[in-house]
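We name chains A, B, ... by the order of the sequence lines, and we start the count at 1 in each one. Keep in mind that the numbers below use all heavy atoms, side chains included, and drop hydrogens, waters and symmetry copies.
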Protein chains: 2
Amino acid sequence: MRKFETHAAYCPMVRTMGYIGGKWKPIILARLAVGNVRFGRLTIQIPDISRKILSQQLKELEEDGLIIRHSYNEKPPRVEYELSDIGKTLMPILNAMNDWGEQIAGNIGSGHPISDKLSGKQVV
Amino acid sequence: MRKFETHAAYCPMVRTMGYIGGKWKPIILARLAVGNVRFGRLTIQIPDISRKILSQQLKELEEDGLIIRHSYNEKPPRVEYELSDIGKTLMPILNAMNDWGEQIAGNIGSGHPISDKLSGKQVV
DNA sequence: AAAAGTGGTAACATTAAAGTAACTAATGAG
DNA sequence: CTCATTAGTTACTTTAATGTTACCACTTTT
């Protein structure tokens with residue numbers, strides 16, 4: 001969870017950011033929102049995240065009660081992650097973020113900074 | 001804007017995170033969603049952000065076309081920020097985040113990691 | 001016998017983000 | 001004449017976040 005000071009106590013936005021403010025957390029959560037996913041599958045769906053960071057973020061999300069980790073005692077191991085009930089309450093946020101990302105790619109004319117960034121080779 | 005690799009080209013979540021993925025950006029945007037705000041007022045509304053970081057984040061948001069900066073040529077200076085039309089399309093995200101932050105404070109019983117974190121002195 | 005598949009972890013390195021303190025210009029107030 | 005006000009910037013430092021590489025255990029497949 002990201003660190004904030006006392007401001008958190010009374011600002012809902014700061015509180016929310018404390019839970020999903022990481023670079024990867026909303027992206028991970030959005031994948032889990034579609035359905036249970038294994039660790040290895042997440043590394044494929046999110047190719048730019050390292051396994052170390054993925055593992056670390058999943059652990060934080062679990063500690064924060066947003067996801068549940070199911071470990072099956074098999075060899076080779078199998079571990080599945082799913083949104084907890086509370087994690088599911090994040091769906092409106094995740095859906096809104098996903099929708100925005102989809103719309104912004106198409107609805108903007110060239111000349112606007114957003115469209116220019118998307119069309120150029122600049123990392124987005 | 002946060003840096004992501006090629007994954008961004010086809011993942012809406014990654015794209016969205018590129019624009020609002022910073023620690024402070026959603027918090028700043030949520031303030032602007034309520035109405036135009038001066039620089040100094042933002043530093044009061046968001047006490048934990050430094051002026052340097054605030055200034056820097058505002059500049060990025062402006063470059064990304066999400067907010068508009070109005071500078072009145074007065075002494076002492078007056079500068080107001082407002083959401084651009086595109087910035088306003090972020091409102092569903094901002095509202096969802098704000099709602100979640102409000103609800104999560106009240107709707108969780110003790111014993112749950114979220115409620116424990118909120119009630120303890122741990123930074124949230 | 002060696003390689004592949006899985007879900008990690010440990011040590012280490014790097015980059016990104018954030019913070020601090022001091023400073024600016026121009027005016028009005030006291 | 002000095003202080004307060006505003007919206008910053010600059011230089012420097014520190015902390016947080018993320019990344020890289022190599023490795024483990026155990027079983028099945030080749």
Ignoring backbone atoms, establish whether [X] has a side-chain N or O less than 4.0 Å from OP1 or OP2 of [N].
X       : N      : result
A/Lys23 : D/dG19 : yes
B/Arg78 : D/dA7  : no
A/Trp24 : D/dG19 : yes

Would you tabulate the nitrogen or oxygen pairs shorter than 3.5 Å linking the protein to nucleotides 24-30 of chain D?
none

Nearest-angstrom distance from the residue atom [atom1] of [X] to [atom2] of [N]:
X       : N      : atom1 : atom2 : result
A/Gln45 : C/dG7  : CD    : C1'   : 16 Å
B/Arg38 : D/dT5  : CZ    : P     : 13 Å
B/Ile44 : D/dT5  : CD1   : C1'   : 12 Å
A/Asp48 : C/dA16 : CG    : C1'   : 16 Å
A/Ile53 : D/dA16 : CD1   : P     : 15 Å
B/Glu62 : D/dA7  : CD    : P     : 15 Å
B/Tyr81 : D/dA7  : OH    : P     : 9 Å
A/Ile28 : D/dT18 : CD1   : C1'   : 12 Å

Item to check | Donor-acceptor under 3.5 Å (B/Arg38 side chain, B/Val79 main chain) | outcome: no
ask   = Counting N and O atoms only, with roles assigned by atom type, does the side chain of A/Thr16 sit under 3.5 Å from a partner on the main chain of B/Asn98, one being a donor and the other an acceptor?
value = no
Closest of C/dG8, D/dG8, C/dG7 to the B/Arg69 side chain is D/dG8
Quick note, A/Gln57 side chain, CB onward, closest among C/dT20, C/dG7, D/dT18 is D/dT18
Between the CD1 atom in B/Ile46 and the CZ atom in B/Arg41, the distance rounded to the nearest 0.5 Å is 11.0 Å
The reported gap from CE in B/Met97 to CG in B/Leu90 (rounded to nearest 0.5 angstrom) is 10.5 Å
With sequence neighbours left out, the residues meeting side chain to side chain contact (heavy atoms under 4.5 Å, CB included) with B/Lys59 are B/Glu63
With the criterion being N/O to N/O and under 3.5 Å, what pairs connect the protein with nucleotides 9-11 of chain C, and how long is each?
| unit_1 | atom_1 | unit_2 | atom_2 | d |
| --- | --- | --- | --- | --- |
| C/dT9 | OP1 | A/Lys59 | NZ | 3.0 |
| C/dT9 | OP2 | A/Ser55 | OG | 2.6 |

Taken in chain and number order and not counting sequence neighbours, the residues that satisfy side chain to side chain donor-acceptor pair (under 3.5 Å) with A/Thr89 are B/Trp100
Contacts of B/Glu80 meeting side chain to side chain donor-acceptor pair (under 3.5 Å) (sequence neighbours excluded), chain-then-number -> B/Arg78
Of all heavy-atom pairs linking A/Pro12 and B/Glu102, the shortest is CG-CG, 3.5 Å
Ion pair present between A/Glu60 and A/Lys25, side-chain N to carboxylate O less than 4.0 angstrom?
yes
Exercise for review: Please answer: with hydrophobic residues joined when any side-chain heavy atoms are less than 4.5 Å apart, are B/Ile68 and B/Leu29 in the same cluster?
Suggested key: no
| Connected via hydrophobic side-chain network under 4.5 Å: B/Ile93 and B/Met91 | yes
When A/Asn36, A/Ile67, A/Val37 are each screened for side-chain contact (heavy atoms from CB on, under 4.5 Å) with A/Tyr81, the one that passes is A/Ile67
Students should find that the end-to-end axis angle of the helix from C/dA1-D/dT30 to C/dG30-D/dC1, with five pairs defining each axis and rounding to 10 degrees, is 10°
Check every strand shown and say whether A/Tyr72 touches a base, only sugar-phosphate, or nothing at a heavy-atom separation below 4.0 Å. nothing
